[in-house]
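Shown next, in C-alpha cells, is the structure this report addresses.
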Amino acid sequence: MNDEAQSTDPIDAAIRIGLVALLAGWSIYIASPFIGPIVWGIIIAIGSYPLYRWLQKKTGLGGGMTTTLLTLLMLAILIVPSIMLSGALVEEARNLSGYLQEGNELQIPPPPEKVAGWPVIGKKLHTFWTNASENPKETLKEIEPQLKVVGKWLISAAAGTGLGILMFIFSIVIAGIFLATAAGGHRAAVAIFDRLTAGRGEELTELSKSTVRSVVNGILGIAIIQTLLAGLGFLAMDIPGAGALALVCLVLAVVQIDILIILIPLSIYAFSFAGTGAAVMFLLWNIAVGLMNNILKPILLARGVKAPMAVIFVGAIGGLIAHGLVGLFVGAVVLVLAYTLFMLWLDERSAPDNA
C-alpha cells in the first residue's frame, strides 16, 4: 500500500519529471553548437542514399569504401567551388568594410563606353558611374545610409561564410557516417515513431524519408547546383561582386524565386565590357543555368513536395537567421517535414467526422 502511494505521490512524480527535463535541457544546451550540422548531415545522408546504393552496386565495393568514396566526391564537388566563391565574397566585404568603417577610398572602375549607348538608361547610368569612379565619396553620399545597411549585411555574411563552410564539411563527414550505418538509423527511426504513434513507425519513417528526399533533391540540390554554376560563370567573366551575387542567387533559389532575375541583367552588363563571343557564351550559360530549375524539378520532384512555398520560404529564411548558412538548408527541410506530418495528423483527425 505504501509502495503504491509512493509511486503515485505527485511531489515524487514532479521531482522525477523535473530531473528528466533538466537532464534533457542540459544535454540540448551542450549539443546545441552541433545540432545544425548533425541535422544537416542526416538530411544529406537521406537525400544521397539512392546515390550511395547505386555507387555501391556499380563499383562492387563494401559499405565502408563506398561511403568514403562518396564523401570524398561530395567534398570535392561542393567544397572547392564554395571556397572559391567565399574567397571572392570575403575580399569584397573587406574592401567595403574599409570604406564604411575606416574611411578608405572605395575603388570603382570606370564604366565601359558601350554603357552610354544602352537604351533609356544608358546616358544617365554612364554619367553616374563615371562620377562614382572619379569621386566615389561625394557621388555615393546620397545613398550612403542604404549602402551602409547593405555593407553591414555583406560583412556579416562574409564573416559567417568561413564558419559555414567548415560546418558544411563537418555535415558531409557526418552524412558519410550515417550512410555507413543506414540500417541502424532506419531501425532507430522506426522505433521512435512506434513509441510516438503506437505501431505506425514504418509508415511514418517512409513518409519522412520521401519528404526529406524530395526537398533535398528537388529544391536544395537544384539550388546548390544552380548557385555553383552561376558563381563559376561570374568568376570566369570577372563580374564585380561575384561572391555576393552568388550568395543572393543561393537564397533566391532556395526560396523558389527564379535566379534569372539576377542572371539576365548580368548577361546584358557583360556585353558592355567583354567581347561579343564571350558575352554571348555567358548569356547562353546563364540561360541554361536559370532554366535548369524548370527541367530538373519535374524529374526530381516526381512525387512532389505538398508544402506551400510559404512554408519553404519561412523555413529557409528563418533557418538562415537562426543558424547561418547551414540553417538555410536545414530550416527548409525541417519545416516542410513538420508541415507534412502535421497535415497527416490533421487529415486523420478529421476523417472520422467526414465519415
Side-chain angles (χ1 to χ4, degrees), residues 76-99 106-130 132-134 136 140 147 150-151 153-155 157-158 161-162 164-165 222-254 257-296 325:
I77 293 171
L78 297 177
I79 299 303
V80 173
S82 299
I83 291 175
M84 292 170 61
L85 291 171
S86 65
L89 178 62
V90 170
E91 184 63 30
E92 294 148 15
R94 186 182 296 119
N95 293 336
L96 192 56
S97 174
Y99 171 72
L106 188 64
Q107 300 296 321
I108 300 177
E113 290 301 323
K114 294 180 182 179
V115 173
W118 289 3
V120 184
I121 64 169
K123 291 183 179 180
K124 290 183 179 179
L125 178 60
H126 187 273
T127 301
F128 178 81
W129 194 341
T130 301
S133 65
E134 294 174 353
L140 301 178
L147 192 61
V150 174
W153 175 82
L154 181 60
I155 292 166
T161 299
I165 289 178
I222 296 174
I224 292 172
I225 293 171
Q226 281 187 298
T227 300
L228 292 179
L229 293 177
L232 291 176
F234 300 159
L235 292 175
M237 292 296 291
D238 200 20
I239 298 291
L245 289 169
L247 181 60
V248 172
C249 286
L250 178 62
V251 175
L252 291 178
V254 171
I257 298 175
D258 202 329
I259 65 171
L260 282 172
I261 63 174
I262 301 292
L263 300 182
I264 294 301
L266 290 176
S267 300
I268 297 172
Y269 165 69
F271 280 92
S272 67
F273 68 88
T276 303
V280 169
M281 290 297 296
F282 184 57
L283 173 62
L284 295 175
W285 174 267
N286 283 340
I287 292 174
V289 171
L291 294 179
M292 186 180 297
N293 185 49
N294 300 326
I295 297 171
L296 292 180
L325 189 60

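What's counted below: heavy atoms across the whole structure, side chains too, no hydrogens, waters or symmetry copies. Please read all numbers here as calculations on a predicted model, not as lab measurements.
- Scanning for side-chain contact (heavy atoms from CB on, under 4.5 Å) contacts around A236 gives an empty result, with sequence neighbours left out.
- The two atoms that bring A270 and M237 nearest to each other are CB-CE, 4.0 Å, heavy atoms only.
- Within the model, atoms CD1 of I264 and CG of L283 stand 6.0 Å from one another, a figure rounded to the nearest 0.5 Å.
- Each of V251, L252, L250 was scored for a side chain to side chain contact (heavy atoms under 4.5 Å, CB included) with V254, with one residue passing: L250.
- Partners of L284 under the side-chain contact (heavy atoms from CB on, under 4.5 Å) rule, at least two apart in sequence or in another chain, are V280.
- The two residues C249 and I262 come nearest to each other via the heavy atoms SG-CG2, 3.9 Å.
- Note: T227 OG1 to L232 CG = 10.5 Å, rounded to the nearest 0.5 Å.
- Considering only heavy atoms from C-beta on, I259 stays 4.5 Å or farther from V248 through its side chain.
- Residues D258 and I261 come closest through the heavy atom pair O-CG1, 3.2 Å.
- Legend: residues meeting side-chain contact (heavy atoms from CB on, under 4.5 Å) with I225, ordered by chain and number and at least two apart, are L229, M292.
- Taking CZ from F282 and CD1 from I268, the interatomic distance works out to 11.5 Å, rounded to the nearest 0.5 Å.
- Closest non-hydrogen pair, G290 versus Q226, comes out as O-NE2, 3.4 Å.
- Between A223 and A253, the shortest heavy-atom distance links the atoms CB-CB, 3.6 Å.
- The stretch residues 278-292 participates, sequence neighbours left out, in these side chain to side chain donor-acceptor pair (under 3.5 Å) pairs: S267-N286.
- Here the shortest heavy-atom pairing between F234 and A246 reads CE1-N, 4.0 Å.
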